[in-house]
Amino acid sequence: MIILKTPDEIAVMAQASRVVAETLAILQKAVRPGITTDELDRLAEEEIRSRGAKPAFKGYRSYPKTLCASVNDQVVHGIPSKRVLMEGDIIGLDLGAIVGGFYGDSAVTVTVGQTTERNARLVQVTEEAMYLGIKQAVVGHRLSDISHAVQRHAESAGYSVVTEFVGHGIGRQLHEEPQVPNYGKPGQGPRLQAGMVLAIEPMVNMGGAAVKVLEDRWTAVTVDGSLSAHFEHTIVIEPSGPPRILSQL
Ligand code: MF3
Ligand code: CO
């Protein structure tokens with residue numbers, strides 16, 4: 001069942017998403033060669049708590065940290081560690097926060113110092129794919145219109161979309177119905193309605209689509225070792241016009 005949110009609930013979700021957005025902005029500035037992903041995790045937890053919110057991921061199905069920090073061929077759910085970021089790396093920063101019992105969820109991928117044109121293009125195309133998906137999130141469209149827009153953009157750039165992980169409804173739980181795949185034919189699935197809140201989150205690989213999960217039971221990496229990028233926004237479908245992006249400052 002897809003749970004539609006009331007305006008009051010959306011106001012609280014906007015607060016949770018704002019905490020995530022502000023914290024991601026701070027993390028992006030902190031990313032530089034020489035910093036460890038553990039240091040980014042500590043900063044993330046501090047910033048979330050100082051805003052009166054709670055980290056959403058820590059303890060979620062026994063995930064140990066506040067931040068997911070996915071470097072290079074890591075697709076999602078990279079666990080912060082003593083790993084030191086190097087010039088030219090790309091890193092996905094994925095963060096969730098809880099305010100008043102409601103979740104906000106957002107992710108960005110950024111480059112560490114200077115990277116190659118080739119890597120920067122993957123990051124840019126993935127972000128564009130997310131925004132093209134978001135643009136489809138209007139009343140009267142169907143869910144897979146979002147999915148299709150994401151897939152089309154990523155594949156026309158010569159990349160593959162990850163199919164094992166998907167976007168999701170979000171609210172009093174981090175993951176609610178519906179699932180929001182990043183692939184599919186248009187015009188399928190439930191009709192989009194005002195008050196639906198969705199986390200739209202394309203994961204795009206430079207090489208093949210295949211991913212596997214490491215021994216740590218969390219870190220997803222590309223099977224072929226190619227680079228992967230991830231962006232995510234929490235959005236709400238409006239009675240008319242484009243969606244409101246709750247996790248955008
Ligand atoms: N943005 C991711 C998601 O929606 C992050 C989940 S990480 C977890 O699934 F640790 F909370 F699982
Ligand atoms: Co998510």
Side-chain angles (χ1 to χ4, degrees), residues 2-3 5 13-14 16-21 23-24 27-28 37-38 40-42 44-45 48-49 53-71 74-81 91-99 101-110 126-127 129-131 133-134 137 143 146-147 150 161-183 196-204 211-221 228-237 243 245-248:
I2 299 175
I3 303 165
K5 275 72 184 183
M13 294 195 72
S17 298
R18 165 165 283 272
V19 170
V20 172
T23 304
L24 279 179
L27 293 179
Q28 282 187 63
T37 53
D38 262 342
L40 293 173
D41 181 70
R42 274 196 293 277
E45 180 161 3
I48 287 175
R49 293 198 191 278
K54 264 181 44 180
F57 300 166
K58 203 172 194 173
Y60 179 84
R61 295 174 52 202
S62 79
Y63 186 76
K65 303 272 175 149
T66 293
L67 179 69
C68 293
S70 307
V71 183
Q74 298 177 349
V75 178
V76 284
H77 305 162
I79 303 175
S81 70
I91 180 171
L93 305 167
D94 186 355
L95 206 59
I98 308 173
V99 172
F102 284 90
Y103 284 81
D105 187 8
S106 182
V108 293
T109 298
V110 295
T126 306
E127 185 172 27
M130 175 187 67
Y131 281 112
I134 289 172
L143 186 74
I146 298 170
S147 313
V150 169
V161 292
V162 172
T163 58
E164 278 94 336
F165 300 97
V166 294
H168 49 95
I170 178 168
R172 287 191 184 276
Q173 296 194 270
L174 177 59
H175 298 133
E176 294 184 357
E177 285 179 32
Q179 295 199 149
V180 186
N182 294 302
Y183 60 93
M196 282 185 185
V197 184
L198 302 174
I200 297 175
E201 50 176 319
M203 289 140 271
V204 176
V211 302
K212 63 180 182 193
V213 175
L214 298 184
E215 281 283 88
D216 65 17
R217 312 271 307 267
W218 279 105
T219 314
V221 299
S228 187
H230 176 215
F231 282 84
E232 175 175 22
H233 269 314
T234 296
I235 65 107
V236 56
I237 295 172
I245 304 177
L246 299 181
S247 51
Q248 184 158 270

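Keep in mind that the numbers below use all heavy atoms, side chains included, and drop hydrogens, waters and symmetry copies. One-based numbering, in listed order, for ligands and for the atoms of each.
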Residues in salt bridge (Lys or Arg N to Asp or Glu O under 4.0 Å) contact with R49, at least two apart in sequence or another chain: E45
Validation row: T109, I91 side chains within 4.5 angstrom (heavy atoms): no
Test item: T66 and I48 side chains (from C-beta on) under 4.5 Å apart, heavy atoms: yes
F165 vs H230, ring pair (Phe, Tyr, Trp, His ring centres under 6.0 Å): CA-CA, chis, key distance, verdict: CA-CA 11 Å; F165 300 97; H230 176 215; 9.2 Å; no
E164/K212 salt bridge by N-O under 4.0 Å criterion: no
Minimum side-chain heavy-atom gap V166-V180 below 4.5 Å: no
Contact residues of ligand 1, where a non-hydrogen atom lies under 4.0 Å away: F57, Y60, Y63, C68, H77, D94, D105, H168, L174, H175, E201, W218, E232
Side chain proximity check, V108 to Q28, heavy atoms < 4.5 angstrom: yes
Residue pair E177 / H168, side-chain donor-acceptor N/O under 3.5 Å: no
Cut-off under 2.8 Å, centre the Co ion (ligand 2), protein N/O/S atoms: D105 OD2, H168 NE2, E201 OE2, E232 OE2
Contacts of Y131 that satisfy side chain to side chain donor-acceptor pair (under 3.5 Å) - sequence neighbours left out: H233, Q248
